[in-house]
Amino acid sequence: VHDVNFQVRRGEVVGFTGLTGDGRTELFESIFGYRRGYTGDIYIDGQRRQPRHPSDALAFGLGYVPKDRKENAIIKDMSVLHNMTLASLRKFERWWLLDGRQERSQYEAYRRQLNLKASHPHLPMTSLSGGNQQKAVLAKWLLTDANVLILDNPTQGVDIGAKAEIYQLIGDLAEQGRAIVALSTEVPEILKICDRVYVMHRGAIVAELTRDEASEEQILMLASGLAGGKAAGGAYANESVNPSTNS
């Protein structure tokens, strides 16, 4: 990933798209502190931040829904309840113990909000459908009160009904003032939910488009390096990773 500079503002949904292997997942794994060794500056609410570990990113108000739900987003042997509350256990800590009543209350609130279909909070996570697993993963990061939510392939492996519900949730979160970053190779999805779109090609951002400017054909041409953008130049320098949220 190189020659990257972008902004994400409160209350908007910003998309990152391109072809498989364009570097967008690696870019945001670096921002979230999962990958190390990059150079560049990250500003959140005007303050320079340098997450060296996902726990740092969490403390700075970032949340990350990874691309591979089964491998990186859920713990298969744990219950739905404990998968949902795992990233925010400090909220439920009382004298070095967990307040199970408060934990259950938060679970019920998000279960209703996200229309999560789980007959019991202590069911194993793997007993849920793909769409309901994804909702539980989203709830996990909503429980952290993250101001910036990074969603990598947010509707991967879910049915059409769950997709519509997740799209609605993303819109609602933006209206509440959160900054949403959606990563997807599905261009129709990006065009449906995003206010602005960054197109990536070979590890670099080659175009920034508003929803009104963007079209599926244009995005695919840019992502392939066949039209406009910086991709046609072939030479890059100046590594920079600079996401920010503006009050």
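When reading the values below, keep in mind they use all heavy atoms of this one structure, side chains included, and skip hydrogens, waters and symmetry mates. Worth saying up front: this structure is predicted, and the values here are computed from it rather than measured.
- Counting heavy atoms of neighbouring residues, nucleotides and ligands inside a 6.0 Å radius, atom CD of Glu217 does not exceed 12 of them.
- Between Met200 and Gly23 the shortest heavy-atom distance is CE-C, 4.1 Å.
- Using cut-offs of 30° and 60° for the angle between ring planes, the Phe28 and Phe6 rings count as tilted.
- Between the side chains of Gln134 and Arg69, at least one donor N or O sits under 3.5 Å from an acceptor N or O.
- No side-chain heavy atom of Asp56 sits under 4.5 Å from any side-chain heavy atom of Leu62.
- The pair Asp99-Arg101 does not count as a salt bridge, with every side-chain nitrogen at least 4.0 angstrom from each carboxylate oxygen.
- To the nearest 0.5 Å, atoms CG (Leu220) and CG (Leu226) are separated by 10.0 Å.
- Side-chain contact between Ile42 and Pro51: present, with at least one pair of heavy atoms (C-beta onward) separated by less than 4.5 Å.
- The closest side-chain heavy-atom distance from Lys163 to Glu186 is below 4.5 Å.
- Applying the salt bridge (Lys or Arg N to Asp or Glu O under 4.0 Å) definition to pairs two or more places apart or across chains, those involving residues 77-92 are Lys91-Asp145.
- Side chains of Gln176 and Asp172: a donor-acceptor N/O pair is absent below 3.5 angstrom, by distance only.
- Shown here are the ring pair (Phe, Tyr, Trp, His ring centres under 6.0 Å) partners of Tyr64, two or more places apart in sequence or in another chain: Phe32.
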Yes or no on side-chain contact (heavy atoms from CB on, under 4.5 Å) for Arg10 and Arg178, after CA distance, side-chain angles and deciding distance? CA-CA 5 Å; Arg10 293 184 185 273; Arg178 304 206 197 199; over 6 Å; no

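- For His53, the ring pair (Phe, Tyr, Trp, His ring centres under 6.0 Å) test picks out no residue, with sequence neighbours left out.
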Using the side-chain hydrogen bond (donor to acceptor under 3.5 Å, both in side chains) rule, take Thr155 and Glu189 through it: C-alpha gap first, then chi angles, then the decisive distance, then the call. CA-CA 9 Å; Thr155 60; Glu189 177 170 88; 2.3 Å; yes

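- Ion pairing of Arg196 with Glu213 is absent here, as no side-chain N (NZ or NE/NH1/NH2) approaches a carboxylate O to less than 4.0 Å.
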Check against side-chain contact (heavy atoms from CB on, under 4.5 Å), Arg202 and Asp22: CA-CA 5 Å; Arg202 294 184 178 178; Asp22 62 10; over 6 Å; no

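- In terms of heavy atoms, Ala207 sits closest to Leu222 at CB-CD1, 3.6 Å.
- Residues Lys140 and Ala87 approach most closely at CG-CB, 3.9 Å, considering heavy atoms.
- In terms of heavy atoms, Ile190 sits closest to Thr17 at CG1-CB, 4.0 Å.
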